[in-house]
Every structure is written in C-alpha cells, then in structure tokens.
Amino acid sequence: MKYISTRGRAPTLSFEEAMLTGLARDGGLYLPESIPQMSHEDIRALEGVSYEEAAFRVMRPFIGDAFTDDEFRGIIARAYEGFGHAARAPLKQLAPGHFLLELFHGPTLAFKDFAMQLIGQMFEFSLKRSGNRVSIVGATSGDTGSAAIEAFRGLDAVDVFILYPHGRVSEVQRRQMTTPAESNVHALAIDGHFDDAQARVKDMFNDFEFRDGVRLAGVNSINWARVLAQVVYYFTSAVSLGAPDRKVSFTVPTGNFGDVFAGYIAKRMGLPIDRLVVATNQNDILHRCLSTGDYRPDGVAPSISPSMDIQVSSNFERALFYAYGQDGGAVAQVMDELKAGGFTVSQGALEALRETFDSGRCDEDETRAAIRRTWATSGELLCPHSAVGVHVAEAERRAGVPMITLATAHPAKFPAAVEDASGIHPPLPERMANLYERDERVTRVANDLDAIETLIKERIAH
Ligand SMILES: *Cc1c(COP(=O)(O)O)cnc(C)c1O
C-alpha cells in the first residue's frame, strides 16, 4: 500500500514512512493511493468479535508490510489494554433510534486515545527496529496533547513537545499535560490560540533544515495513522446496530475534521453509512462552508467545547481532495487561496461533499440545554462537545435510519461547564482521582517560530 499527498507533489511513501512523517513535504496530507474494500460478508463477520479483532481486520489492508500479522495484533492489544471498558467503545441508547458511542474510556478520557495509544505502540515498535530517535511535535486544543503525552511518556526513542494555547484549555486537560514527570515530556504553553499553535507546528514541518535536524515527527490529526485508527469504531458500532444489512448515520462533533473524515473512509471502504453529520459549536466555519461553499476564517470565539474552537480545519483538505476528484493541483490552489484569506469550493466539489456530509451548529446556550435535557431524559451526563453532537443529531435525524452520535470526551474532563449546565459535578474515574495533587511542569513560549525551534534544539541536546 502506497501513500500519496493531497497536493500531488510529494514523494509517495509506505505506511510506516507516512506515519513517521506526518505532513507531506509539499504541505499536503497523506492518503492511501486506493481504498481497500470490505465486502458485506467481511462486515457481517465483525459481529461479536472483540474490538481488537475488529481493529485488526479493518486496519490490516492499509499497513502493507509495516508489521507482520502477529506484530500488529500485539501492537493493537497493548494499545487498548489500558482502557477502562471491556467493549472499548460501548454504544448506549439515548432515545428511540438515537445512540451514543462512548469514546472516552481511554487513559485521558477523550476519543483521541484510540488513535494516540495505537500510534505510541507503532512508533515504539518501528523505532526500536530501526534504532532511530524522533522529536514529536504537536499542537493541541487540549485533548490531542494529553493523549500524545500519555501515549509517549517514558518511551526511549522519543521526545514529545506539545504546544497548547496558554489559558485556553481546561484544568484537567492542562494537568494531564503538565503533571507527567518523565524527562522526555515537554509541555509548552504558547501565547496565542489553537490556530497559532497549529500554524507554528506546520511552520516547523516546512523548515526542512530544522525538520531533518531534529528528526521531526507529527502526531496531530493530520497523521494518517490517526485517521485510520478512528475508522474502526464506525464499523464496530454500525455492525452492532445491524450493518451491513441496515444503514446507519453518524453525527460527529468536529474541529479538525479528523474524526468525521475517518467515517468517510469507513463509508468508502463499503460500510453502508447514510449521512455523516458535521456538528460544530459557535466556531462554525465547516457548517458555513458546507452550507454556502465559502471557507473564510473570521477569528475564533472561545467556547465551552474548546477542542472544537478551530477555524483552520486541517483534515478538511482530505475531504476536498476527494471532492475535487483527487486533483492535487486543485487542492494546492485552494490551500494557497486560504493563506490569502479564504476560498470558495467549486460547485462540483460542493455537490460531491453534500452527497455524504450534512452539517449543523450549536451555540453555547444550546450546548448547555442539550446537557440538561439529555441528563433528564436518559441519565447520560454529556461533555460539552458530545452535547454539541447530540443537539445537531436531534435536528438532522431522518426517519427509519438509526443515528449514532459520537461522545468524544468524558464529562469529568470539562467539569466546570458540565456542572454549570446541569448542577451535577462529574467525578473523575477512580484511576486518575489524584490528578489535582500532582506537581505541574510547563514552559511558557512566545508565538514565535525561532524561539520555539531554539528551545526544542536545546532540550533534545540534553
Ligand atoms: C479533538 C476533539 C474533537 C474534534 O475532533 P476532530 O477530529 O478534530 O474533528 C471533538 N471533541 C473532543 C472532546 C475532542 O478532543
């Protein structure tokens, strides 16, 4: 299996190379050259198997010869053994025809653990085999960073540097990043918002001298291996509701478009998905773009669902690549226009997007109301991101097709917002109850590429 760039001008890579590289050298994102197919029979055969076995069968065709079957099974087993639920991704019913896919039973209580724990195990395996060291650099609005640090802490061949927007992550998110004591963990608080952190990470990848000098590796949701790991739970949840013999729809709380794009891949692999609904908070650029065709960032307004406070949605580029008929030149052009302020999706590409994607937005009051309402009607306490999903799902549901809303984080990760909305204080699970007593370690950095690169070089020299 070969991987190609969405902008059509970077070298073709193997799965392992694409995983270790992250961003392509032409600024694009890697995608498989072709999408492996699962027949209805293959999908039906997933019924009743463990999450790990389903993960093996869904991901195996994408990894080429990166790992043997036994190695890959071992990697998957280690990735998910630390989860706090035997089903890994349990499905709960909220109302007739409406289901909640709980993706928050991993070690940092957000869905990002599904991909990050797997990537941690794959990196460890690959780097041990090659004897190489890498510096992992990532930007986070809170959950990616904590998941990455949890996955890479203490690994010998890796230093992990996480840039998060100072003062704009929840206390639980911050503490999950700043309390690990391992010396290969570096939490960096940048003066700026998430898009600044993400832009500086992209700048580092585009500074080839620095990139090669420190052996930069990326684990942001642009990393193909992360998208791939998230494809699995679309299959397991759909199968438990009767797929492939019954269609299902999904509503996905969306920021960087990685999670919902994984659903798109599942659909292209053959999973009968009816609609994929993109749910945004008040930072609704994706909803506006899918409604009007216009993609024009106009500033981030901080919300109670901070992991979706995004205006430059990286993985949307992957959806555009398919919408533009896999024309890398066309994608490169709209991305150039974005640098100059924004772009308009062509009529043909917009129609292609709308064949699969619906969208909706949920403002702050609606988010709080959804938390209250869902608690009252089902006894499920939602985090604000999941509440955005439930609100939009209720509006976008179609008769006769079950709707699965992805619950992307545990309510205890956002206790202030949840308590404010519902009057209920969500306790942390027992295994992390002492988070508030641990010492914190963090370095404040300016929103300045040179300063950040210098710091990273100093840290890895020691
Ligand atoms: C990252 C995150 C999202 C958004 O996911 P994307 O893949 O960036 O679209 C939603 N909810 C939570 C809790 C998250 O951590």
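Quick note: residue numbers are just sequence positions, from 1. Atoms within a ligand are numbered from 1 in the order they appear, just like the ligands themselves. Since the structure is predicted, the reported quantities are computational estimates derived from the model, not experimental observations.
Separation of the Tyr264 and Phe357 ring centroids falls under the 6.0 Å cut-off.
Between Arg275 and Glu396, no side-chain nitrogen of the basic residue sits less than 4.0 Å from a carboxylate oxygen of the acidic one, so the salt-bridge criterion is not met. For the pair Arg368 and Asp363, the salt-bridge criterion is not met [side-chain N within less than 4.0 Å of a carboxylate O].
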Working for salt bridge (Lys or Arg N to Asp or Glu O under 4.0 Å), residues Glu394 and Arg397: CA-CA 6 Å; Glu394 286 171 351; Arg397 269 172 62 190; over 6 Å; no

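Residues forming a side chain to side chain contact (heavy atoms under 4.5 Å, CB included) with Ala139 (at least two apart in sequence, or on another chain): Phe194, Ala197, Gln198, Val201, Asn220.
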Ligand 1 polar-atom proximity to protein (N/O, under 3.5 Å):
residue: ligand 1; atom: 7 (O); partner: Gly258; partner atom: N; Å: 3.2
residue: ligand 1; atom: 7 (O); partner: Asp259; partner atom: N; Å: 2.9
residue: ligand 1; atom: 8 (O); partner: Asn256; partner atom: N; Å: 2.8
residue: ligand 1; atom: 9 (O); partner: Gly255; partner atom: N; Å: 2.8
residue: ligand 1; atom: 9 (O); partner: Asn256; partner atom: N; Å: 3.2
residue: ligand 1; atom: 9 (O); partner: Phe257; partner atom: N; Å: 3.0
residue: ligand 1; atom: 11 (N); partner: Thr408; partner atom: OG1; Å: 2.8
residue: ligand 1; atom: 15 (O); partner: Lys112; partner atom: NZ; Å: 2.5
residue: ligand 1; atom: 15 (O); partner: Asp143; partner atom: OD2; Å: 2.4

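Taking the six-membered ring where tryptophan is involved, the planes of Phe56 and Phe72 are tilted, since the angle between them lies from 30° to 60°.
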